Novice: 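Here it is, the structure, as C-alpha cells.
These values consider heavy atoms only, across backbone and side chains, with no hydrogens, waters or symmetry-generated copies. Proteins come first, then strands; the chains are lettered A, B, ... in the order of their sequence lines, and each starts at number 1. Note that this is a predicted model, so its numbers are computed, not measured.
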Number of protein chains: 2
Amino acid sequence: MGKSAELICVGTELLLGDILNSNAQYLAQELAGLGIPHFFQTVVGDNPSRIQQVVAMACERSGLILFTGGLGPTPDDLTIETLADFFDAPLVERPEIVADIEAKFTSRGRVMTPSNRKQALLPKGAEVLPNRTGTAPGIIWEPRPGLLIMTFPGVPSEMKAMWQETSVPYLKTHGWVQDTIVSRMVRCWGIGESGMAERVSEYLNLSNPTVAPYASHGEAKLRISAKAPTIAEAVALIHPVEQGIRNLLGIDCYGADDESLASVVGDLLQQKQQTVAVAESCTGGGLGQMFTAVAGSSAYFLGGIIAYDNRIKTNLLKVDPTVLATEGAVSAIVAEHMALGVKAALQTDWALSITGIAGPGGGSETKPVGLVYIGLALPTGDVISQKYEFAHFRGRDWVRHLSACTALDLLRRHLL
Amino acid sequence: MGKSAELICVGTELLLGDILNSNAQYLAQELAGLGIPHFFQTVVGDNPSRIQQVVAMACERSGLILFTGGLGPTPDDLTIETLADFFDAPLVERPEIVADIEAKFTSRGRVMTPSNRKQALLPKGAEVLPNRTGTAPGIIWEPRPGLLIMTFPGVPSEMKAMWQETSVPYLKTHGWVQDTIVSRMVRCWGIGESGMAERVSEYLNLSNPTVAPYASHGEAKLRISAKAPTIAEAVALIHPVEQGIRNLLGIDCYGADDESLASVVGDLLQQKQQTVAVAESCTGGGLGQMFTAVAGSSAYFLGGIIAYDNRIKTNLLKVDPTVLATEGAVSAIVAEHMALGVKAALQTDWALSITGIAGPGGGSETKPVGLVYIGLALPTGDVISQKYEFAHFRGRDWVRHLSACTALDLLRRHLL
C-alpha cells in the first residue's frame, strides 16, 4: 500500500468524451504540491462491476484513493453504494445530511425529491466530507488499516471547495504531508527538445531535483522539480541546478515559468525605455497579438501595420513598388523595407516585420510554403533580415505561429 | 478480450498536473463516434514497471489498446521499449523512419541528433503508424492474436492527424467499425448555450440522430450525430434535422463543422466582391489574425492598423485628438473614428474597429475592465458602433477573444 495516492474518476460521460477531465489535472497538481506521490489515474464508467475491478487493483498499490463523480441523486450515480458493497459495509442514513439537503432545497424555494435522500446514505464508519455548495456530500473513510478513501462530486467547483476546506487539512493532520514539491519550467527558443536535452544531459539523471525535458508549440522546455520539507528548501535545491542549466543553454534559454517570449522582450524594452512596432504580412496581426497579450504592453508596444495586401505595403509602409515587383513580396529586401517603413510611420526605436508564405497555397519552386523573411529595424537606423523555412507540412497555423515567435526571439537576441 | 477499446496515457507530466489530458477526451469522442465500446482510461507515469502493470491489466480486458505519450527522443520516453519488452519482441531500426526524421530536421535547418535515432526503433512485427507532422512515429501492432495496439505521441496535433489519416481507416477495414456515425456541429454566435437549447428543445430528445448542446470559447454549438450502415444514410438522417434547427436559430446560427466566423464573413465578402480592413486597439492584432487564419483571405482582407497607443490613433487613423481627450480612447465616437480612419487609409469597402479595456488593469468606475466598443464603417460611408461589457472576471484573453469574434459577427450580420 504505502503512502502513495491514486485517482479514480467515475463517469460514463468521461468515456464518451462529453466532458474534459479537468478534475484529474487539478487533483494531480494538488497532490504534487503536497508532495504526495501519485502514480495512477483511472477513468471508469458508471458500472458497479467495473468500478469494483478498478478499486480492487487500486487498493493493492495505493494507500490513498481519491474518487470523483458518481455521487449524484440519479440511479446511475453508484460510487458510494459500490464502495460500501466492495468493503462489506452497510449503508447508514445520516440525519444531519438529510437536514442539510432539505435546507439547501428550501433555500432555493424547492422541495427535496425522494431521490436526493439517497445522497444521505453513507457507509458505516465513514466520516462525512461536507459539500458546502452542493447537495452531494463526500466521505473520508478508512475501510481497512492503511487504506484511506475520499470521494468528491464530479462538479469541479464543489470538488475543489471540498478538497481545500476539508481534505487538505485532514491530510496534513494525518501524516500524509511531509515534503513539499516545487517545480520550475525553464524555457528555450531556437533549439529542439533533443538538442536541448543533450546540452544539459549531465542534469537529466538527478534524483532531487529532477530535470525533465518537454516540447510544445515549437518551444523546448525543462522542468526542474525539487522535494523538501519546506518551500524555501525546495527552492534552494532548484536554484543551483537552474543556474547550471542556464549557463549551458546560454542565450537559447529565454525565461522560466510564466514568462513568454513576448513578456521577456517587453521587460528588456522597458529596461531600455525603448518602443517597438510591427509590420505583418503572413501573420496578419499575430505578432501584435502576442505583444499585447502581456498586460502593460502599452508601455513599449505602440502598434503596427497589417500589410496583407501589397497595396498596403507600398502605400502605408513605403515599400518601393519596383523592388516589390522585381523581388516579390516574400523577400529579404521587402522585409527590410517593411520594418523601416513601420518604424518611420510609428516613430519607434525598434520595428519587426514578417513576410512569408503560410500556405497551403501560394508556394512555388523557388519560394515554397513555409518560406518566411523577418526584418528588424534597429534604433541605430540599420535594418537586418533573416530567412527561415518552417515546416510547411505542419500547416498554415504552425508557420504563422513560428514566424511570430521567431520574430520575438530575433528582437530578444538583439536586445541582449 | 472482446472488441472493446481502452486508453492508456503515458506521461509523468499528466500525473503532476502540468498538462490537461485533452487527448483522452478526443479519443473518447472518436471511439464513441465509431461505435467502439470503451470502458477504461488509465494515466501512468514514465516508469517501465508501472507501465507494464497497466498493460498487463489492459490486455486481460480489452482487444484494442490506444497509447498516447512517451514516444519522444529523450530517455524518459519509454512507451515503445516497454511494450517491446512486455511482449518479448526485439526492437528493430527502421531505415525509412531514420530518413524521414533526418528530412524533417533538414527542413527546419537543423541536424538530426543521435537521440532522435531512438525514435526509429520499433518492435519486430509492428507496422509503422506514420507521423506526418512530427518526428515520433507510432505503431500498429498485434503482439498476440485478438490484441491490437496503437501508439500515438502526446502532442495533440500529431496524435489527431495520425488517428484520422491512418488509425480510423485501419479500424474500418479491420472489422472494428460496424455502423458509421456521422456528426455535424452546428455553430451559433450571439446566444448562450441554454437559450439555444430552449429554442431547439423539440430536437433534444431524438434518438437517431441525437442532438447535444455544447458551449466553448463564447460559442454555442449543437452536435447532430446519426448512426447508419453507410455515410450516405447517416447524412440523410442529419439533413432534415439540421434544416429544422437552422430555421429555429435563424441568423444566430452562423455555420457548421469547420466553418468559423472569419471564414463565413470571408465567403460573404467574396460573394459581394468587397474588401475589409481592421483598426485594433485592445485586441492588438487578434482580429486581423482571425481574418488571415483563413487560407485565401487575401482576396478580401487588405490589412489594418494596430493602434495600441493613442498617438497611432491620431496620427495614422486620424482620430480627432480633442475627441480622444474628451471622450477617452474607449468610447463609441473613437471606435467610429477608428473605423472610418482605417477605411480611408486602406481604401476598403468595410472596416471594423475595436477599442476596449482588456484588463486586468486600466478599469474605472465609469469604464470597467471588459468594456469594449466595436465600430463598423459601411460601404455607404456610414459608420456605426456597439457597446459591449464582457465578463472581466474571465480574464484578459477572454475579453480580447470575445471582442474579435463579436466584431466578426457584427460584420456578418450586416453582410446578410
Novice: Would you mind telling me which of A/M185, A/Q53, A/E30 has the largest number of heavy-atom pairs within less than 4.5 Å of chain B?
Specialist: A/Q53
Novice: Counting only non-hydrogen atoms closer than 4.5 Å, does B/E13 touch chain A with its backbone (N, CA, C, O), its side chain (CB onward), both, or neither?
Specialist: both
Novice: Where does B/M112 contact chain A at under 4.5 Å (heavy atoms): side chain, backbone, both or neither?
Specialist: neither
Novice: Between A/F39 and B/R50, is there a cation-pi geometry (under 6.0 Å to ring centre, at most 45° from the normal)?
Specialist: yes
Novice: Is A/E280 close to chain B through its backbone or its side chain, or both, or neither, when contacts mean heavy atoms under 4.5 Å?
Specialist: side chain
Novice: Where does B/D76 contact chain A at under 4.5 Å (heavy atoms): side chain, backbone, both or neither?
Specialist: side chain
Novice: Which heavy atom in B/G45 sits nearest to a heavy atom in B/V10, and how many Å separate them?
Specialist: O-CG1, 3.8 Å
Novice: Here's one to test your reading of the geometry: is the NZ or CZ of B/K104 within 45 degrees of the ring axis of A/F393 and under 6.0 Å from its centre?
Specialist: yes
Novice: Counting only heavy atoms closer than 4.5 Å, note whether B/A307 contacts chain A via side chain, backbone, both or neither.
Specialist: backbone
Novice: Given heavy-atom pairs under 4.5 angstrom as the criterion, report whether the side chain, backbone, both or neither of B/L14 touches chain A.
Specialist: backbone
Novice: So for A/V294, is it side chain, backbone, both, or neither that comes closer than 4.5 Å to the heavy atoms of chain B?
Specialist: backbone
Novice: Can you tell me if A/Q347 and B/R311 form a side-chain donor-acceptor pair at under 3.5 Å?
Specialist: no
Novice: Side chain, backbone, both or neither: which part of B/D18 has a non-hydrogen atom closer than 4.5 Å to chain A?
Specialist: both
Novice: Less than 4.5 Å to any heavy atom of chain B: does that hold for the side chain of A/R394, its backbone, both, or neither?
Specialist: both
Novice: Just checking, B/R110 and B/F105: is the charged tip under 6.0 Å from the six-membered ring centre and within 45° of the axis?
Specialist: no
Novice: Considering only heavy atoms and a distance below 4.5 Å, find which of B/V44, B/D309, B/I306, B/D46 pairs most often with chain A.
Specialist: B/I306
Novice: Is chain B contacted by the side chain of A/L7, its backbone, both, or neither, given a heavy-atom distance below 4.5 Å?
Specialist: neither
Novice: Can you tell me which portion of B/I312 sits under 4.5 Å from chain A's heavy atoms? Options are side chain, backbone, both or neither.
Specialist: side chain
Novice: Would you mind checking which part of B/V278 comes under 4.5 Å of any heavy atom in chain A, side chain (CB onward), backbone (N, CA, C, O), both or neither?
Specialist: side chain
Novice: Find the distance between NE2 (A/H38) and CG (B/L16) and round it off to the nearest 0.5 Å.
Specialist: 9.0 Å
Novice: Please answer whether the main-chain N or O of A/P213 pairs with a side-chain N or O of B/T74 as donor and acceptor at a distance below 3.5 Å.
Specialist: no
Novice: Can you establish whether the number of heavy atoms outside A/D257 located under 6.0 Å from its atom CG is more than 12?
Specialist: yes
Novice: Rounded to the nearest 0.5 Å, what separation is found between the OG atom of A/S403 and the CG atom of A/L371?
Specialist: 9.5 Å
Novice: Side chain, backbone, both or neither: which part of A/V342 has a non-hydrogen atom closer than 4.5 Å to chain B?
Specialist: neither
Novice: Pick one of side chain, backbone, both or neither for A/A295, based on which atoms fall under 4.5 Å of a heavy atom in chain B.
Specialist: both
Novice: Which bit of A/E389 comes within less than 4.5 Å of chain B, counting heavy atoms only: side chain, backbone, both or neither?
Specialist: both
Novice: B/P114 versus chain A, heavy atoms under 4.5 Å apart: side chain, backbone, both or neither?
Specialist: both
Novice: Answer whether the closest heavy-atom distance between the side chains of A/V372 and A/Q386 falls below 4.5 Å.
Specialist: no
Novice: Side-chain contact test, heavy atoms from C-beta onward, threshold under 4.5 Å: evaluate it for A/L222 versus A/Y203 and give yes or no.
Specialist: no
Novice: Hey, which residues of residues 283-292 of chain B are touching chain A, say heavy atoms under 4.5 Å apart?
Specialist: B/T283, B/G284, B/G285, B/G286, B/G288, B/Q289, B/T292
Novice: Report yes or no: do B/T135 and B/Q119 form a side-chain donor-acceptor pair below 3.5 Å?
Specialist: yes
Novice: Check each atom of B/I19 against the heavy atoms of chain A and say whether the ones under 4.5 Å are side chain, backbone, both or neither.
Specialist: backbone
Novice: Using only heavy-atom distances, determine whether the side chains of A/S225 and A/R223 contain a donor-acceptor pair under 3.5 Å.
Specialist: yes
Novice: Relative to chain B, which segment of A/S201 carries a heavy atom at a distance below 4.5 Å: side chain, backbone, both, or neither?
Specialist: neither
Novice: Under 4.5 Å from any heavy atom of chain B, what part of A/L316 do you find: side chain, backbone, both or neither?
Specialist: side chain
Novice: Between A/N47, A/T42, A/V43, which is the residue that forms a side chain to side chain contact (heavy atoms under 4.5 Å, CB included) with A/V54?
Specialist: A/T42
Novice: Please classify the contact between B/T275 and chain A as side chain, backbone, both or neither, with a heavy-atom cut-off of under 4.5 Å.
Specialist: neither
Novice: Could you label the plane-to-plane angle of the A/Y388 and A/F390 rings as parallel, tilted or perpendicular, counting under 30° as parallel and over 60° as perpendicular?
Specialist: parallel
Novice: Hey, could you give me the OG1/CG distance between A/T355 and A/L317, rounded to the nearest 0.5 Å?
Specialist: 10.5 Å
